[in-house]
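One-based numbering, in listed order, for ligands and for the atoms of each.
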Amino acid sequence: MKKECVLVSGGAGYIGTHTTVELIGAGYDVVIIDNFSNSEMKAVEGVRQITGVEVPFEQVDTCDEAALRRVFEKYDFNSVIHFAAYKAVGESVAEPLKYYRNNLVSFMNICALMREFGRRNILFSSSATVYGEAEVLPVTEQTPRKPATSPYGNTKQMAEDILRDCCAAYDGIRGIALRYFNPIGAHPSALIGELPRGVPQNLVPYITQTAAGIRECLSIFGNDYDTPDGTCLRDYIDVVDLAKAHVAAVGRMTREAMKSDYEIFNIGTGRPVSVLELVEGFEKANSLKLNYKIVDRRAGDVPAVWADTSLANEELGWSADRPLEETLRTSWQWEKHVRGIE
Ligand code: UFG
């Protein structure tokens with residue numbers, strides 16, 4: 001029987017590589033496209049090494065409609081997972097047009113070509129950022145979205161709406177938006193992981209770089225929040241668990257099991273973890289001490305957000321399984337691999 005094929009845009013990125021590995025493990029064919037704006041060929045090679053499959057790769061910018069069209073002409077996929085996007089919140093505030101152009105033009109190109117070529121399933125990588133500072137926690141998919149506080153966040157909301165409207169208007173197009181909480185960790189092989197360029201903005205890469213001696217000291221942004229230990233609460237989801245959620249969502253689409261043409265799922269663990277707990281968990285998991293200090297709050301941080309994951313658990317038959325301690329071990333293994341430590 002012919003295998004189902006999935007196009008993965010941004011497939012050389014952090015979540016794209018892990019998802020490709022899980023898709024192949026689940027029996028799918030995958031075509032990766034990426035423009036390497038925030039990734040490199042080594043990531044694709046890591047995927048090929050883990051899977052033992054010479055996964056097809058095309059260096060294509062999804063904003064380039066003509067180049068993207070050639071991918072549609074060349075490969076016979078019926079589903080796309082669209083990861084290709086910029087994701088730095090601060091940069092998006094400084095350069096909004098760069099974000100709106102890249103994140104929205106690329107997604108509209110994908111949707112338009114899916115329609116034109118009669119391809120069916122669109123999976124969009126959204127974010128818990130759409131919830132902003134929610135009044136009731138944990139957040140469910142019914143929790144109202146808050147006005148975005150950055151152009152980056154706004155592109156996630158707008159792309160969700162574009163997908164919803166396309167699914168409503170165009171016969172044969174169906175979509176799922178997965179709202180990720182905080183993805184962390186790396187593949188247990190340490191052959192793929194997160195590769196931030198420059199100074200990391202996110203907590204775990206900053207932690208691992210501090211442990212590796214690249215950063216002198218981790219700054220914890222505020223310990224005077226109204227939370228149990230005063231530091232912010234987040235829902236940290238292992239990237240391999242997150243990747244498996246994509247496999248479950250693609251399976252739901254290809255099995256024709258969707259209940260409506262557009263669906264949304266929260267993808268998290270359902271457990272709130274504080275910044276301090278995460279730091280201490282990292283120290284314990286890896287038997288090391290981390291240099292850290294408490295500094296002022298970071299502008300724009302919400303005090304707490306975590307997921308109600310019941311819908312994904314029930315409808316996708318998926319749940320996050322990996323214990324945090326193991327995830328934090330893989331984060332450190334990956335950093336050591338990248339830096340050639342040990
Ligand atoms: N933090 C620190 N020190 C650091 C970095 C982060 O204390 O050096 C804290 C933050 O203040 C926050 C927590 O660690 O409390 C997590 O911060 P991250 O930057 O790792 O993650 P965020 O929750 O801020 O960001 C994530 C995604 C964004 C998304 C955002 C909004 O990375 O893409 O959620 O939901 F926009």
Side-chain angles (χ1 to χ4, degrees), residues 10 13-15 38 83 85-93 99 103 124-134 137-139 143 145-160 177-185 194 196 198-212 214-239 242 266-269 271-282 290-307 324 327-328 331 335:
Y14 175 43
I15 305 171
N38 189 28
F83 292 109
Y86 294 149
K87 60 168 188 177
V89 178
E91 186 191 38
S92 80
V93 175
Y99 273 67
N103 292 9
F124 174 64
S125 320
S126 191
S127 166
T129 194
V130 301
Y131 296 116
E133 193 168 342
L137 291 165
V139 291
T143 300
R145 297 185 321 190
K146 285 279 168 67
T149 54
S150 71
Y152 157 77
N154 212 12
T155 66
K156 291 295 177 195
Q157 298 206 1
M158 292 164 95
E160 282 192 354
L178 298 183
R179 291 178 176 161
Y180 313 154
F181 284 68
N182 289 58
I184 63 166
E194 191 173 7
V199 182
Q201 306 297 310
N202 296 115
L203 180 59
V204 170
Y206 208 105
I207 288 177
T208 56
Q209 290 198 10
T210 306
I214 296 157
R215 311 284 154 205
E216 213 168 291
C217 182
L218 168 76
S219 295
I220 293 182
F221 299 133
N223 67 349
D224 56 353
Y225 286 97
D226 185 16
T227 59
D229 67 18
T231 65
C232 292
L233 298 172
R234 294 287 183 278
D235 185 332
Y236 296 95
I237 165 98
D238 186 283
V239 69
L242 173 60
N266 283 343
I267 304 297
T269 65
R271 286 186 305 275
V273 171
S274 77
V275 177
L276 261 181
E277 277 177 282
L278 195 91
V279 168
E280 284 160 9
F282 181 84
L290 202 70
N291 203 10
Y292 67 85
K293 61 180 182 211
I294 309 289
V295 301
D296 283 350
R297 293 180 177 194
R298 179 171 73 175
D301 275 340
V302 301
V305 62
W306 70 95
L324 183 61
T327 302
L328 293 171
S331 301
E335 186 71 50

Residues in side-chain contact (heavy atoms from CB on, under 4.5 Å) with Arg215, at least two apart?
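side-chain contact (heavy atoms from CB on, under 4.5 Å) list for Arg215, sorted by chain: Val199, Pro200, Tyr206, Gln209, Thr210.
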Got a sec, which residues hit side-chain contact (heavy atoms from CB on, under 4.5 Å) with Glu280, two or more places apart in sequence or on another chain?
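side-chain contact (heavy atoms from CB on, under 4.5 Å) check on Glu280 returns Leu276, Glu283, Tyr292.
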Count the heavy atoms of every other residue, nucleotide or ligand shown that sit under 6.0 Å from CG of Asp224, and state whether that count exceeds 12.
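Counting neighbours around CG of Asp224, more than 12 heavy atoms of other residues, nucleotides or ligands fall under 6.0 Å, so yes.
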Between the side chains of [X] and [Y], does any donor sit under 3.5 Å from an acceptor?
| X | Y | result |
| --- | --- | --- |
| Arg271 | Tyr236 | no |
| Asp235 | Tyr180 | no |
| Asn223 | Thr231 | no |

Which residue and atom name correspond to the protein heavy atom nearest [atom], and how close is it?
| atom | answer |
| --- | --- |
| atom 19 (O) of ligand 1 | Arg298 NH2, 2.9 Å |
| atom 23 (O) of ligand 1 | Arg234 NE, 2.6 Å |
| atom 15 (O) of ligand 1 | Cys232 CB, 3.0 Å |

Numbering the atoms of ligand 1 from 1, which are under 4.0 Å from a heavy atom of [X]?
| X | result |
| --- | --- |
| Val89 | 36 (F) |
| Ser219 | 2 (C), 3 (N), 4 (C), 7 (O), 8 (O) |
| Ile220 | 7 (O) |
| Gln201 | 5 (C), 19 (O) |
| Asn182 | 21 (O), 22 (P), 23 (O), 26 (C) |
| Val275 | 7 (O), 9 (C), 13 (C), 14 (O), 15 (O) |
| Thr129 | 31 (C), 35 (O), 36 (F) |

Counting heavy atoms only, which of Tyr180, Tyr236, Tyr131, Phe181 is nearest atom 16 (C) of ligand 1?
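The option holding the nearest heavy atom is Tyr236.
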Please work out which of Phe221, Tyr225, Tyr206 has its closest non-hydrogen atom nearest to atom 5 (C) of ligand 1.
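It is Phe221 that holds the nearest heavy atom.
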Mutual orientation of the aromatic rings belonging to Tyr99 and Tyr152 [parallel < 30°, tilted 30-60°, perpendicular > 60°]
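Perpendicular.
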For ligand 1, the portion of [X] having any non-hydrogen atom under 4.0 Å away:
| X | result |
| --- | --- |
| Tyr292 | neither |
| Asn202 | both |
| Val305 | neither |
| Ser150 | neither |
| Leu218 | side chain |

Tell me whether Glu277 contacts the main-chain N or O of Ser274 through its side chain, where contact means a donor paired with an acceptor under 3.5 Å.
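Judged by distance alone, yes, a pair lies under 3.5 Å.
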Short N or O distance, Tyr152 and ligand 1, threshold 3.5 Å exclusive
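Between Tyr152 and ligand 1 (N or O atoms, distance only) the closest approach is under 3.5 Å.
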Min N/O separation Ser127 to ligand 1 under 3.5 Å
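Not met; the criterion fails.
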Between Leu328 and Leu278, is any pair of side-chain heavy atoms under 4.5 Å apart?
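Yes - at least one pair of side-chain heavy atoms lies under 4.5 Å apart.
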